[in-house]
J.: 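Before I ask anything, let me first share the structure, which is written out below as structure tokens.
Since this is a predicted model, take the numbers as computed values, not measurements.
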Amino acid sequence: MSIIEKLFLLFTSVLLSASCSNAQQNVSFSNERQSISLTITPSTGNDFRFKEVEKGVFEVTTGPGNATIRFAPLKTALSDEIAVLSFEYFCASGMEFMVVTVNDDQARMEENMIRMPVAEGWSTFSVDVSDKLKQLKNPADYLSLLVVPNAAKPTTLRIRNPRLRPHTEKEQEQSRLKAEREEREKRMNNDLNSYLRKDYPCEVSAVSIHADKVVVKGDRKGLPGDLYLCEVAMFGDLTELDFLTVEKIGAVKEFSMEFDRFADTKDGRYDRLYSRWVLAQKSQKGHLICSRGHYADEVEALYDLPHEVVRSKKGIGGFGKNGFESDIDDLQATSVTVNIWLGFMSLSPSGNAIPFDYNGKTYYANRKTIEGLDNTLRFTASKDMIVSAIILIPPARSFTDAKTGALFEHPDFNQAGIYSMPNMTTFESLNLYAAAIDFLASRYSRPDKQYGRIHHWIAHNEVDAGWVWTNAGIKTPLRFMDIYVKSMRLLYYTARKYSPHPEVLITLTHYWQGRHNEYCYPAAQLLELLLDYTEVEGDFKWGVAHHPYPQSLFEPKAWLDDQATFDYNTPLVTFKNLEVLDAWIKQPRAQYKGKEKRTLYLSEQNPNSKDYSGEALKEQAAGMAYALKKMEACSGIDAYQMHGWFDQRAEGGLRIGIRRFRDDETDPGGRKPAWFVFQAFGTDKEEEVFEFAKPVIGIDNWNQIIYKSPIQIP
């Protein structure tokens, strides 16, 4: 995962109706005569260049900071229908974000950021600015565009024909549908909240999955009248009463019912591995839920594989074979994360595809992508490393097969997202997602390790910042987690078909009670909701993949973090206050079935070196020593998969690797001092190698950095 992408989190969109696409460029407006032309006023700045390259065509170049395009104050009163800013633009150099401002006011900039696609020809961009137009109260007030480059390099944008206009009929229809979705979201959130908090008279107590059957047990607990066992397919919603099957239960108090493992539906074959079971009674208005839903507790695995665990706390994040694999032995790393983009999937055959069957349908995996993954995982298997696969769903626009991409992308996905939440709302989309994971789980769970091994599954990326990293549109925390927990369970149950040991991990940023912006969530809140769901609907082996970067990604001295406090209400969890995370994972409520500590990996983080000067490299190395010593004191943390392994040009000026840029002019890929700190950790050389860091941190001994008082978790 790129850190420059992480920085995009500061630039996410509030103007959700700012839908921009090349398809708009040929739109003709029946109300064109109502549009008002805007005049561009060339502006200057220290960090950007602005010029008129031909009549009416203006070019702005960032430097690599932001640039500003100003429009002259309006001389005409606006009618109430005027609501949209539209212009043509050309940008082939990678600019992706902009903000519409009034009088260059950049307040709340990160909440008003709009994604603008690269345009290698003249394209039309349109955005609803009705809220901005209301702020134009004085004759001298003006609109402006703040152009934000997508990397630490200059970006050039050309613009022409800016104007204000009313909504088109299509935009009005989109607005109406948006209002309907918002109303549905509100209702579903209220229904979910009632469902999770309500006490029910009956119980579905156990669900077990076997090769050819599903066994469901429960207790009506004396409830009189007819009672029905209802099946909710994963593509349905329990609170919407989307039942796949409904079977009447006899008069017995406790019951046990068997079902065929697979259901033949009108759309195709469905695996009941993913179903939820609930009890209900019938009334004149339909079904009345009488229990909580219950997912599978046990899954009969095809293979009896050995239970492998990390042998040390040292690991590498985003691992891939690159010629520096000797670091695995030199650093004594025993775990890795590996990114897997599901863009390898296709519904259409090709000469470069691996065909495979899932539930009676043939799917196709890109051979080159899979063989590259085989190459990496065979190597990690040869080293007996624990592998956590990070499952990422690109937006539809990134898929080679457009139909496949459309089925994977969540229906409420907003273009502000880097990645999408998987679409699990229809039979076809759910089966596609399940097929992709089944292909991976079956291939990388073979007893002979022919292709390698995946042990754990990280469900997407930094979901508390889901607006960017796991986008499902605007969602309340409860609605977001209702979708996300389904994805976690799909990963978990699919992997458990083949092995009795895989776990699935929720992935979180360093925000805890704080959040990036109003469309993101506090990580602590999502964890509490995850506990609520698993207490209500059946527990499963999930863990946490946390990213405790320093408060500022650029500042390696995490001991200075003032937003990382030693209490449950801390805004952030960074290296400084890992004790909070340690206390959370050890609390009784967080334990698996109340008995077993869950896995906790620090799966992406490192301190930064501001440059390659001796002082900067020393500070990074001290920051690494500090982070590792803090982790060492937290017995609840199982591993540290450091990111990055190498400095990367695309990471916005950050140098968080323990090796230099691979194209560095003086020492390409060279070891930084932090490399030797990481190597020494956990060895008999640790104290000697770490000694230099004490005066940098300002301590006499390492006990001074450890917080020893109890941290109360409510």
J.: Show the numbers, then the answer: is there a side-chain contact (heavy atoms from CB on, under 4.5 Å) between Met488 and Phe540?
T.: CA-CA 10 Å; Met488 292 183 75; Phe540 61 102; 4.1 Å; yes
J.: Check this for me: does any side-chain nitrogen of one of Glu185 and Arg479 sit under 4.0 Å from a carboxylate oxygen of the other?
T.: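 Here Glu185 pairs with Arg479 in a salt bridge, since their nearest N and O are under 4.0 Å apart.
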J.: Is the closest side-chain donor-acceptor distance between Asn103 and Asp141 under 3.5 Å?
T.: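 Short answer, yes.
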J.: With a 4.5 Å limit on heavy-atom distance, are the side chains of Tyr295 and Met234 in contact?
T.: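 When only atoms from C-beta onward are counted, Met234 and Tyr295 do touch, with a gap below 4.5 Å.
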J.: Check whether any side-chain heavy atom of Val84 lies under 4.5 Å from a side-chain heavy atom of Leu164, and answer yes or no.
T.: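 Not touching, per the 4.5 Å side-chain cut-off.
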J.: Could you walk me through whether Gln641 and Thr337 pass side-chain hydrogen bond (donor to acceptor under 3.5 Å, both in side chains), step by step?
T.: CA-CA 7 Å; Gln641 286 103 17; Thr337 67; 6.0 Å; no
J.: Distance from Met424 atom CE to Phe235 atom CZ, nearest 0.5 Å?
T.: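 Those atoms lie 13.0 Å apart.
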J.: One pair to check against side-chain contact (heavy atoms from CB on, under 4.5 Å): Trp469 and Thr509. What are the steps and the verdict?
T.: CA-CA 11 Å; Trp469 292 111; Thr509 72; 5.6 Å; no
J.: Using 4.0 Å as the upper bound for N to carboxylate O, is an ion pair formed by Arg184 and Glu180?
T.: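 Judged by the 4.0 Å cut-off on N to carboxylate O distance, Glu180 and Arg184 do not form a salt bridge.
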J.: Salt bridge check, Asp539 against Arg598: does any charged N sit closer than 4.0 Å to a carboxylate O?
T.: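 Judged by the 4.0 Å cut-off on N to carboxylate O distance, Arg598 and Asp539 do form a salt bridge.
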J.: Is there side-chain contact between Glu528 and Arg589, with at least one heavy-atom pair below 4.5 Å?
T.: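 When only atoms from C-beta onward are counted, Arg589 and Glu528 do touch, with a gap below 4.5 Å.
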J.: Can you say whether the rings of Phe427 and Tyr270 are parallel (under 30°), tilted (30 to 60°) or perpendicular (over 60°)?
T.: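 Tilted: the ring planes of Phe427 and Tyr270 meet at 30° to 60°.
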J.: Can the ring centres of Phe480 and Tyr521 be said to be less than 6.0 Å apart?
T.: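 That pair passes the under 6.0 Å test.
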J.: Where the side chain of Ser388 meets the backbone of Ile458, is there a donor-acceptor pair that is under 3.5 Å apart?
T.: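 Looks like no, no N/O pair under 3.5 Å.
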J.: Does the side chain of Thr507 come within less than 4.5 Å of Glu604's, by heavy atoms?
T.: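 Of all side-chain heavy-atom pairs linking Thr507 with Glu604, none is under 4.5 Å.
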J.: Less than 4.0 angstrom from a charged side-chain N to a carboxylate O is my criterion; do Glu173 and Arg176 meet it?
T.: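 A salt bridge is present here (some side-chain N lies under 4.0 Å from a carboxylate O).
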J.: Mark yes or no for whether Lys137, through its side chain, and Lys134, through its backbone, hold a donor-acceptor pair below 3.5 Å.
T.: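 No, Lys137 side chain to Lys134 backbone: no donor-acceptor pair under 3.5 Å.
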J.: May I ask you to test the Asn339-Ile391 pair for a side-chain heavy-atom distance under 4.5 Å?
T.: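 In short, these two side chains do not touch, never coming nearer than 4.5 Å.
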J.: Assess the side chains of Gln605 and His643: does a donor N or O sit below 3.5 Å from an acceptor N or O?
T.: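 Absent: no donor and acceptor within the cut-off.
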J.: Applying ring pair (Phe, Tyr, Trp, His ring centres under 6.0 Å), name anything that partners Tyr195, two or more places apart in sequence or on another chain.
T.: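 Result, ring pair (Phe, Tyr, Trp, His ring centres under 6.0 Å) vs Tyr195: none returned.
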J.: Under a 3.5 Å cutoff, is there a donor and acceptor pairing between the side chains of Tyr533 and Asp482?
T.: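 Side chains of Tyr533 and Asp482: pair found under 3.5 Å.
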J.: Determine whether the aromatic ring centres of residues His546 and Tyr601 are separated by less than 6.0 angstrom.
T.: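 No, they do not, as the ring centres are separated by 6.0 Å or more.
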J.: Can you list the residues that meet the ring pair (Phe, Tyr, Trp, His ring centres under 6.0 Å) rule with Phe408, with sequence neighbours excluded?
T.: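 Phe408 satisfies ring pair (Phe, Tyr, Trp, His ring centres under 6.0 Å) with Phe399 once adjacent residues are dropped.
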J.: Given Thr265 and Leu244, is the side-chain contact (heavy atoms from CB on, under 4.5 Å) satisfied, shown in steps?
T.: CA-CA 9 Å; Thr265 74; Leu244 184 64; 3.9 Å; yes
J.: Assess the pair Tyr142 and Phe71: is the distance between their ring centroids shorter than 6.0 Å?
T.: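 Ring centres of Phe71 and Tyr142 not closer than 6.0 Å.
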J.: State plainly whether the residues Glu240 and Arg187 are in salt-bridge range, i.e. N to O under 4.0 Å.
T.: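 Looking at Arg187 together with Glu240, the answer is yes, because their closest N to O distance falls below 4.0 Å.
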J.: If we count only N and O atoms by modelled type, under 3.5 Å, do the side chains of Ser603 and His547 hold a donor and an acceptor together?
T.: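 His547 and Ser603 do have a side-chain donor-acceptor pair below 3.5 Å.
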J.: Establish, yes or no, whether a centroid distance under 6.0 Å links the rings of His460 and Tyr419.
T.: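 When the ring centroids of His460 and Tyr419 are compared, they turn out to be at least 6.0 Å apart.
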J.: Hey, could you give me the NZ/OG1 distance between Lys132 and Thr101, rounded to the nearest 0.5 Å?
T.: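 Those atoms lie 8.5 Å apart.
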J.: Tell me whether Asp464 is salt-bridged to Arg515, with the criterion being a basic N under 4.0 Å from an acidic carboxylate O.
T.: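 A salt bridge is absent here (no side-chain N lies under 4.0 Å from a carboxylate O).
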J.: Could you tell me whether the side chains of Ser79 and Glu81 share a donor-acceptor contact shorter than 3.5 Å?
T.: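 Ser79 vs Glu81: donor-acceptor pair found between side chains.
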J.: How many angstroms lie between CG in Leu196 and CG in Asp191, if you round to the nearest 0.5 Å?
T.: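 Rounded to the nearest 0.5 Å, the CG-CG separation comes to 11.0 Å.
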J.: Can you tell if the side chain of Leu440 reaches within under 4.5 Å of the side chain of Thr494, non-hydrogen atoms only?
T.: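 No, every pair of side-chain atoms sits at 4.5 Å or beyond.
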J.: So do Leu526 and Pro477 actually touch side chain to side chain, heavy atoms under 4.5 Å?
T.: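 Yes. Closest side-chain heavy atoms under 4.5 Å.
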J.: Any Lys/Arg nitrogen of Asp532 or Arg197 sitting under 4.0 Å from an Asp/Glu carboxylate oxygen of the other?
T.: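 A salt bridge is present here (some side-chain N lies under 4.0 Å from a carboxylate O).
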J.: So does Arg165 pair up with Glu171, basic N to acidic O under 4.0 Å?
T.: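 Glu171 and Arg165: salt-bridged.
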J.: Whether Arg163 and Glu88 form a salt bridge (side-chain N of Lys/Arg under 4.0 Å from carboxylate O of Asp/Glu) is what I want to check.
T.: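 Salt bridge between Glu88 and Arg163, a charged N being under 4.0 Å from a carboxylate O: no.
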J.: Roughly how far apart are Leu38 CG and Ile69 CD1, rounded to 0.5 Å?
T.: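 Interatomic distance, Leu38 CG to Ile69 CD1, rounded to 0.5 Å: 12.0 Å.
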J.: Measure from the side-chain N and O atoms of Thr404 to the backbone N and O of Leu347, and report whether any donor-acceptor pair falls under 3.5 Å.
T.: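 Here the side-chain-to-backbone pair exists.
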J.: Spell out, as yes or no, whether a donor-acceptor pair under 3.5 Å connects the side chain of Glu537 to the backbone of His294.
T.: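 Side chain of Glu537 to backbone of His294, a donor-acceptor pair under 3.5 Å: no, none is there.
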J.: Under 3.5 Å, is there a donor-acceptor pair linking the side chains of Ser487 and Tyr433?
T.: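 A donor-acceptor contact under 3.5 Å links the two side chains.
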J.: Under the side-chain contact (heavy atoms from CB on, under 4.5 Å) criterion, do Asp104 and Arg70 qualify, and how do the steps go?
T.: CA-CA 8 Å; Asp104 296 336; Arg70 295 190 181 95; 2.5 Å; yes
J.: Say you draw a straight line from CG of Asn577 to CD of Gln551; how long is it, rounded to the nearest 0.5 Å?
T.: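 It is 10.0 Å, given to the nearest 0.5 Å.
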J.: Is any side-chain heavy atom of Met188 less than 4.5 Å from a side-chain heavy atom of Asp237?
T.: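 In short, these two side chains touch, coming nearer than 4.5 Å.
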J.: To the nearest 0.5 angstrom, please state how far the OG atom of Ser420 sits from the CG atom of Leu392.
T.: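 It comes to 11.0 Å.
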